[in-house]
Number of protein chains: 4
Amino acid sequence: MPKETFFNLPDEKRALIEATAVSEFATHGYDNASINRIVAGAKIAKGSFYQYFHDKKDVYKHLMARIAEKKLDYISPVLQNPGDYDFFTLLQAAYRSGLDFARENPQIALIGNQVFKHRDHPIHQEIFKEGQDAGKAFYEQLLRLAIARGEIRPDIDIPFVIHILNTLNVATFEYYFESIKGNDFNMTEIDDDVMDTVDLFIDFIKNGIGTP
Amino acid sequence: MPKETFFNLPDEKRALIEATAVSEFATHGYDNASINRIVAGAKIAKGSFYQYFHDKKDVYKHLMARIAEKKLDYISPVLQNPGDYDFFTLLQAAYRSGLDFARENPQIALIGNQVFKHRDHPIHQEIFKEGQDAGKAFYEQLLRLAIARGEIRPDIDIPFVIHILNTLNVATFEYYFESIKGNDFNMTEIDDDVMDTVDLFIDFIKNGIGTP
Amino acid sequence: MPKETFFNLPDEKRALIEATAVSEFATHGYDNASINRIVAGAKIAKGSFYQYFHDKKDVYKHLMARIAEKKLDYISPVLQNPGDYDFFTLLQAAYRSGLDFARENPQIALIGNQVFKHRDHPIHQEIFKEGQDAGKAFYEQLLRLAIARGEIRPDIDIPFVIHILNTLNVATFEYYFESIKGNDFNMTEIDDDVMDTVDLFIDFIKNGIGTP
Amino acid sequence: MPKETFFNLPDEKRALIEATAVSEFATHGYDNASINRIVAGAKIAKGSFYQYFHDKKDVYKHLMARIAEKKLDYISPVLQNPGDYDFFTLLQAAYRSGLDFARENPQIALIGNQVFKHRDHPIHQEIFKEGQDAGKAFYEQLLRLAIARGEIRPDIDIPFVIHILNTLNVATFEYYFESIKGNDFNMTEIDDDVMDTVDLFIDFIKNGIGTP
DNA sequence: CATGAATGAGCTTTCATTCAT
DNA sequence: GATGAATGAAAGCTCATTCAT
């Protein structure tokens, strides 16, 4: 948790620091991110940085928390009543929320993704000491429910499918980002892209690619 | 490309250097790998290292090339005549080759996987400037053939599926390594494990998880 | 000398600041004492600290002065009329005063002792530019008087004996503190300890350890 | 232990580094000694320093070992056969050795003394994990022997006397250094000084300052 | 008079790379 | 061709002190 000092900062300055840090971590990853570059970018003194945060880990964890928090804003109503929808609809809503978020906050999404991509890194293990297991438990519950309802084949290997879904989550973002990289589509086109990408995923997960 | 001096080395010494470097990169990743540790481990002088290789990048690239080369030894006969088999059999053979290779050369497989896992890292982008496209072209060819034969649904988005297959490739290894971590099964059991894991993947890719 | 603002403070607040600072210097020594910890402990703003004191040196010097002042309270009646007693009685009274003081104000005694222990430290040299000489002059006077009275051998080297007495002063406290460390004797026992320790010193100084 | 690199250095350079480091530690103490100043003073690159030593602790320990080693050169024949001499002769020889050493290696002696002066500092506790207790045991043995021979009063408090002797050891050096500070006596005069100082100590310890 | 954010020099340590022998 | 010492920029972090409000 950042120090009080940080939260007392004028919003603008705080935002600049967060943005600079996000950009640094997104570009270089946790290990290679440089506090020196962050303070240079945010135009603050090195000492100031350490008045705001306890250490490198502290900023990173804070950013992660902010990201999680910000992501909540994008969660669609569908996901708030998971009992009312079938599994694939929920999944579609989840991915779409995620991609909406990523579209509007690309760098933040990038560093948010690192947690899943580099699950094995000590810093991420620390961040998700409980979180990750909770996530798995939630997924598992959803899957079991879906099986009971006959939406999903009962013969699947649940831990394996959870792993796959997590992996594909990361893959979604990467694919999406690569496919739009360098372009400046107008918004409508991007919206279509997002929807298309999501649908591809859902279809893939539901039906595979084999001929029926 | 390593300097001539490296290739003039006695086979044994060259092999030791490669093995030490592989181990270092596998354990710490590219950025955090330490030349110091490599030269200490391989019992060569620091100066000698730079008489064999131009720089850190140079060793890494060389190892990657050696790995690719070594992987070829594991390619099953099935894959050498791709025309004779259906797509999923080929895929199964490919995954199985990969896992066989990983089982017998775990460290090498680990660093080989990093290329795919951290596709976005500059070093890997550089390594696969052409390589990756070649790989994609081969995959594309396979997919098109399979569609023509009616093995795969014709309405898939080919670039997307390629991306997925690549991602799942990495996921396979991770899942496999995590599931056997810390155990010392005997070989037969491991063989079964490998096959099971592969079958799960193939089934998933072919049929998805939805009820038919 | 602290600034006027410091002396305008309510007694309670001033006392808290002093106590916190004493504790900090006693625990970490001058160089490693942290202004940060002092202001945190005393619950004052960093800026306030510098409105009370000019700098780190300033607090330290002030505390030293306060300590000297406080020590006077413990000086026994014996010491106030030095002419009426023999040298060793005076010495015994002095040590006993010192130990009494130390027993009731352990942290203050600790930092007071640092002045003698680290005589060579610039900060202490500065503090005792005059003070030390005054102390020496007093000691010298006492010694000369004692020699004249035949209580002390006339062939001693006076500057040397002064140095020794000072050193043994520090040693007394250290020995005493180490010997009671971790115990929580009741007061009576401690009193006995103090007296024993003092007597050992006096005996040593008077007779040495050689056989008569 | 310093790295091999350090011992491979030309004698002259190694000596310069050691001298610079000794001077730094003597002037500022362990905590406040600055590697930056050492490398500047010895005119080596900062990286070189860490090619020679593992860390700050490493240099310091090395210097301490060198000091102990060097001190051995000054040990008089008397001390090598402790059984043949009475206690005070041994003590005199010991002090004289020490002062001879200090006279010829003033800075080294200064930092050597720090170990005793700041016994409680973690670094010194680490250095003397066993050494110190061994030293005490040796002293104790000497004292008991001297009591048995009737050279020392049997009623002394042994742990207390050991503490005093250790303290006076440090005090000797300090007194000696202060008394010659800034003077450039010729050697003969200094020799006399040393002998005088030692004799004062022995006499003090043996007889105290009281009239017989 | 109180506040606490801002500052920047300083700290120890690591590392890939170069250079002289 | 082999050696290993030399290099210096960069890392994360601390701290007494100043400054603006």
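Side-chain proximity of Ser48(D) to the nucleotides dT7(F), dA16(F), dA5(E) is greatest for dT7(F). Of the listed nucleotides (dT3(F), dT12(E), dT7(E)), dT3(F) has the atom at the smallest distance from the side chain of Ala45(B).
The backbone N or O of Ser23(D) lies less than 3.5 Å from a partner atom in the side chain of Thr27(D), making a donor-acceptor pair. For Lys56(C) (side chain) and Asp31(C) (main-chain N/O), a donor-acceptor pair under 3.5 Å exists by modelled atom type. Formation of a donor-acceptor pair under 3.5 Å by the Asp58(C) side chain with backbone atoms of Met1(C) is found in this model. Between the side chain of Thr5(C) and the backbone N or O of Gln51(C) there is at least one donor-acceptor pair closer than 3.5 Å.
Rounded to whole Å, atom P of dA5(F) lies 15 Å from atom CD1 of Ile44(B). To the nearest angstrom, C1' of dA5(E) lies 16 Å from CZ of Phe7(A). When rounded to the nearest whole Å, the span between CG of Asp58(A) and C1' of dG12(F) equals 14 Å. Atom OH of Tyr60(A) and atom P of dG12(F) are 14 Å apart (whole Å). Whole-Å rounding puts the Lys56(A) NZ to dT14(F) P distance at 14 Å. In this structure, Asp55(C) atom CG and dT17(F) atom P are separated by 5 Å, rounded to whole Å.
The residue Lys13(C) sits close only to the backbone: its heavy atoms come under 4.0 Å of sugar-phosphate atoms, none of a base.
Residues from residues 14-41 of chain D that place a heavy atom under 4.0 Å from any atom of DNA chain F: there are none.
Less than 6.0 angstrom separates the ring centroid of Tyr60(B) from the ring centroid of His124(B).
Using cut-offs of 30° and 60° for the angle between ring planes, the His118(B) and His118(A) rings count as perpendicular.
For dA5(F), one of the phosphate oxygens OP1 or OP2 lies less than 4.0 angstrom from a side-chain nitrogen or oxygen of Thr5(D). At the phosphate of dA5(F), OP1 or OP2 sits under 4.0 Å from a side-chain N or O atom of Asn8(D).
The side-chain contact (heavy atoms from CB on, under 4.5 Å) test with Phe49(C) singles out one residue from Asn36(C), Ile17(C), Val39(C), and that residue is Val39(C).
Remark: Glu24(A) CD to Leu63(A) CG distance equals 11.5 Å, nearest 0.5 Å.
With pairs defined as Watson-Crick or G-U wobble and both atom distances under 3.5 Å, the stems of at least three pairs that touch DNA chain F come out as E:2-21 with F:2-21.
In this structure, the side-chain hydrogen bond (donor to acceptor under 3.5 Å, both in side chains) partners of Glu18(C), at least two apart in sequence or on a different chain, are His62(C), Arg66(C). Residues passing the side-chain hydrogen bond (donor to acceptor under 3.5 Å, both in side chains) test with Asp55(A), sequence neighbours excluded: none. Under the side-chain hydrogen bond (donor to acceptor under 3.5 Å, both in side chains) criterion, Lys3(B) pairs with no residue, sequence neighbours left out.
Nearest heavy atom pair, residue His121(C) against residue Tyr30(C), reads CE1-CD2, 4.0 Å.
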Which pairs, protein N/O on one side and nucleotides 18-20 of chain E N/O on the other, fall under 3.5 Å?
none

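Map Phe49(B) and Lys43(D) each onto its nearest nucleotide of DNA chain F; the residue landing nearer the 5' end is Phe49(B). Along DNA chain E, the nucleotide nearest to Leu9(A) and the one nearest to Tyr52(C) differ in position, and the one closer to the 5' end is contacted by Tyr52(C).
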